[in-house]
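So you know, we letter chains A, B, ... as the sequences are listed, proteins then strands, and number each from 1.
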There are 2 protein chains.
Amino acid sequence: MAHACKWRLPPRYTRLVTASPSTSPAADRRRDGSLKQAPADAPLRERKKRRTRQALIDAALEQFTQRGFGGVTLDELCDEVEVSKRTFFRNFTSKEDVAMAPLQDFWTAFLEELQISRPDGGPLLELARDALLSAVDRVADEEWAHRTLLSLRLAEQTPSMHAHSLHFCDRTTQAALEILHRRFNLDNRGDPRPRLAADMLVAAFRYALTGWAVQAARTSEPTSARPPAKQELATRFREAVVALPATLTMTVAPRRTNS
Amino acid sequence: MAHACKWRLPPRYTRLVTASPSTSPAADRRRDGSLKQAPADAPLRERKKRRTRQALIDAALEQFTQRGFGGVTLDELCDEVEVSKRTFFRNFTSKEDVAMAPLQDFWTAFLEELQISRPDGGPLLELARDALLSAVDRVADEEWAHRTLLSLRLAEQTPSMHAHSLHFCDRTTQAALEILHRRFNLDNRGDPRPRLAADMLVAAFRYALTGWAVQAARTSEPTSARPPAKQELATRFREAVVALPATLTMTVAPRRTNS
DNA sequence: GCATTTATGCCACTCAGTGGCACATGCCTG
DNA sequence: CAGGCATGTGCCACTGAGTGGCATAAATGC
């Protein structure tokens with residue numbers, strides 16, 4: 001009798017249900033099965049865990065956007081999803097972490113794509129660029145775009161979130177360098193170029209992200225007819241990569257161009 | 001009588017004294033007075049504040065290095081310096097902040113140098129590079145080198161410190177872009193190049209920093225005869241900047257170079 | 001069905017960080 | 001030089017993030 005009272009199904013379990021695979025068709029759609037996307041055939045327990053995780057992410061993005069990052073306590077957030085705070089910290093490392101999940105997913109995908117990339121003797125930057133574009137194509141569906149937009153907007157308002165965002169970027173470049181080192185025997189110690197290349201790529205993508213975010217913010221229509229997000233993002237990223245050589249030679253003169 | 005008892009000079013005030021201008025000759029030495037280095041002629045109150053600030057920084061770096069970042073509570077740190085926790089948070093924004101002070105000082109100096117830089121119509125990257133080199137030359141005395149070394153070592157062990165470190169870098173690039181925009185009318189919206197250039201420069205300097213740190217760590221001698229730190233750092237930074245063009249064209253092939 | 005594993009809830013706790021208020025001290029003016 | 005003003009500091013109470021331990025529920029495997 002005790003357990004029936006104590007461990008009842010929460011009344012506000014609706015959020016979990018709406019975030020479940022039944023109503024979000026894109027969430028569990030897999031491409032080719034080669035990459036661990038969202039195994040719809042996974043054991044029940046794991047799917048349940050993913051649902052609560054996703055519910056926490058969505059609730060966090062919504063609440064933080066509405067009332068500000070600092071205006072929402074973890075207790076409130078956990079109440080909203082009907083989950084204990086302890087469970088929250090088994091899914092995320094910090095309050096910032098939950099709101100950065102979309103970008104973190106992306107960077108993970110990038111590393112996976114880099115892992116399976118095939119070198120053709122061409123420039124390293126192009127190899128990495130294509131891996132990143134593949135990652136965009138794989139994860140950047142409209143749901144991801146929506147969440148990432150909220151996440152980016154929050155990050156630029158919240159210093160601690162921005163810091164964590166940059167931390168992800170950096171850990172990704174570190175991991176990317178290790179992959180390149182393992183697979184292609186690159187020298188990361190004495191040669192600055194691999195690291196610089198990785199940082200350049202990240203810089204280009206961050207530029208693409210911010211530009212994409214402000215453009216999407218201007219387009220008031222939430223989900224209406226609009227060029228797909230992934231295409232927008234990919235285009236901006238390509239432009240930034242193309243601009244890399246010209247960045248080195250760009251000149252600057254005093255404000256009044258005298259002589 | 002109450003105040004004499006309550007506001008006594010703390011017995012362990014020694015740290016404050018050793019950090020005072022009397023025993024640290026380089027700390028208050030000014031170059032040319034054009035930049036707000038460490039005004040030795042400042043009002044007494046401000047000097048006092050600077051002393052406690054510096055004492056907190058040194059104590060933090062020492063304690064964190066000895067017992068780990070997480071192994072030292074702020075209460076312990078403040079007891080060490082005989083300062084209330086409230087005062088700590090008037091000087092620093094967070095626990096991480098105090099340990100990142102050396103690098104933050106550097107970035108501030110960089111922005112100042114960028115502010116007074118004179119464009120000659122040459123590449124933007126060279127302008128920024130020279131500003132950064134000037135900043136190194138200005139702030140990177142041996143004391144700074146020592147503190148920064150501790151700071152870097154802590155940062156790579158402590159994720160939250162690393163995140164804050166990156167946050168500083170990014171805020172610096174933001175500020176640098178604004179300066180460039182104001183002074184040279186650069187377009188930061190439609191043109192990706194200024195931002196990419198700034199990120200490249202930061203990437204080069206971060207590469208220089210890590211290389212410099214591991215090299216300094218290998219050289220066991222703490223303060224003995226050794227090429228001056230600023231020169232080491234400047235050289236590594238120059239190398240990284242020189243390597244930027246080659247980074248764009250660097251190629252990569254499968255591990256076994258078949259055909 | 002029963003044992004094992006895994007996820008969760010709950011409780012108590014530490015500690016970073018904040019606001020308010022009183023007080024001390026350097027600074028400045030009459 | 002006396003007394004007001006501004007500023008820095010200490011103290012106290014408080015919120016909220018994050019952690020560890022333990023009991024329990026539910027999924028899994030037999």
Side-chain angles (χ1 to χ4, degrees), chain A residues 1-10 12-13 16 41-56 60 63-64 67-79 81-99 158-161 163-164, chain B residues 1-10 13 16 41-56 60 63-64 67-79 81-100 158-161 163-164:
Chain A
M1 60 182 226
H3 69 277
C5 169
K6 214 171 183 182
W7 301 103
R8 74 201 180 283
L9 251 235
R12 295 191 64 180
Y13 207 72
L16 287 180
D41 55 340
L44 175 64
R45 212 194 254 155
E46 189 177 334
R47 277 186 294 160
K48 225 170 181 178
K49 191 169 184 178
R50 280 181 188 275
R51 255 184 299 174
T52 59
R53 178 188 155 86
Q54 197 57 51
L56 280 170
Q63 295 285 322
F64 291 166
R67 297 152 52 198
F69 181 80
V72 182
T73 69
L74 280 184
D75 290 308
E76 292 169 343
L77 180 62
C78 292
D79 279 358
V81 193
E82 296 287 351
V83 160
S84 85
K85 201 168 58 171
R86 199 72 186 79
T87 299
F88 176 92
F89 281 107
R90 285 196 195 89
N91 284 280
F92 306 98
T93 63
S94 69
K95 192 183 177 187
E96 291 82 17
D97 193 40
V98 62
T158 314
S160 67
M161 268 187 64
H164 276 258
Chain B
M1 61 180 230
H3 69 278
C5 169
K6 211 172 183 181
W7 302 104
R8 77 204 178 282
L9 254 232
Y13 207 71
L16 288 180
D41 56 339
L44 176 64
R45 200 137 70 179
E46 189 177 333
R47 277 186 294 161
K48 223 171 182 176
K49 190 169 183 178
R50 281 180 187 276
R51 254 184 299 174
T52 58
R53 177 187 156 86
Q54 197 57 51
L56 279 169
Q63 295 285 321
F64 291 167
R67 297 153 51 199
F69 181 81
V72 182
T73 69
L74 281 184
D75 291 309
E76 292 168 343
L77 180 62
C78 292
D79 279 357
V81 193
E82 295 288 350
V83 159
S84 86
K85 201 168 58 170
R86 199 72 187 77
T87 298
F88 176 91
F89 282 106
R90 284 195 195 91
N91 284 281
F92 305 98
T93 63
S94 69
K95 192 182 178 188
E96 291 82 17
D97 192 39
V98 63
M100 299 304 306
T158 314
S160 66
M161 270 187 62
H164 275 258

Query raised in the report: Checking side chain to side chain contact (heavy atoms under 4.5 Å, CB included) for the pair B/E46/B/R50: CA distance, chi angles, key distance, verdict?
Result: CA-CA 6 Å; B/E46 189 177 333; B/R50 281 180 187 276; 3.6 Å; yes
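- Distance, A/R53 CZ to C/dT8 C1': 17 Å, rounded to whole Å.
- With sequence neighbours left out, B/R67 forms a side chain to side chain donor-acceptor pair (under 3.5 Å) with B/Q63, B/E76.
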Which atom pairs, one a donor and one an acceptor, fall under 3.5 Å between side chains of residues 88-95 of chain B and the rest of the protein, sequence neighbours left out?
| from | atom 1 | to | atom 2 | distance (Å) |
| --- | --- | --- | --- | --- |
| B/N91 | ND2 | B/T87 | O | 3.0 |
| B/T93 | OG1 | B/D97 | OD2 | 3.4 |
| B/S94 | OG | B/E96 | N | 3.4 |
| B/S94 | OG | B/E96 | OE1 | 3.2 |
| B/S94 | OG | B/D97 | N | 3.1 |
| B/K95 | NZ | B/F69 | O | 3.0 |
| B/K95 | NZ | B/V72 | O | 2.8 |

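- In this structure, CZ of B/F89 is placed 18 Å from P of D/dC12, rounded to the nearest angstrom.
- The CG-C1' distance, from B/D79 to C/dC15, rounds to 14 Å in whole Å.
- Whole-Å rounding puts the B/F92 CZ to D/dG8 C1' distance at 15 Å.
- Map A/S84 and B/G70 each onto its nearest nucleotide of DNA chain C; the residue landing nearer the 5' end is A/S84.
- Remark: A/D79 CG to A/T73 OG1 distance equals 8.0 Å, nearest 0.5 Å.
- When all heavy atoms of A/V81 and A/A55 are compared, the closest pair comes out as CG1-CB, 3.7 Å.
- Contact annotation: side chain of B/R86 to base of D/dG8, donor-acceptor pair absent below 3.5 Å.
- We find that CZ of A/R51 is positioned 13 Å from C1' of D/dA26, with the value rounded to whole Å.
- The side chain of A/L74 sits closest to D/dA17 out of D/dA17, D/dT9, C/dG17.
- For C/dC10, neither phosphate oxygen OP1 nor OP2 lies less than 4.0 angstrom from any side-chain nitrogen or oxygen of A/K85.
- Atom CG of A/D75 and atom C1' of C/dC11 are 13 Å apart (whole Å).
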All N/O contacts under 3.5 Å from nucleotides 4-7 of chain C to the protein, with atom names and distances to one decimal?
| from | atom 1 | to | atom 2 | distance (Å) |
| --- | --- | --- | --- | --- |
| C/dT5 | O2 | A/R45 | NH2 | 3.1 |
| C/dT6 | O4' | A/R45 | NH1 | 3.1 |

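- With rounding to the nearest 0.5 angstrom, the CE atom of B/M161 is 9.5 Å from the NE2 atom of B/H164.
- Between the NZ atom of B/K95 and the C1' atom of C/dT18 there is a distance of 17 Å, rounded to whole Å.
- For a distance-only test at 3.5 Å, the side chain of B/R47 fails to qualify as a donor-acceptor partner of the base of C/dG26.
- Of the candidate nucleotides C/dC15, D/dG16, D/dA26, D/dA26 has the atom nearest to the side chain of A/K48.
- The nearest whole Å value for the distance from the CG atom in A/D97 to the C1' atom in D/dA17 is 14 Å.
- When the C1' atoms of four end pairs are superposed on the next four at each end of the helix from C/dG1-D/dC30 to C/dG30-D/dC1, using five pairs per end, the two resulting axes differ in direction by 20°, to 10°.
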Query raised in the report: Do B/F64 and B/T158 pass the side chain to side chain contact (heavy atoms under 4.5 Å, CB included) test, and can you show the C-alpha distance, the side-chain angles, and the key distance before you say yes or no?
Result: CA-CA 10 Å; B/F64 291 167; B/T158 314; over 6 Å; no
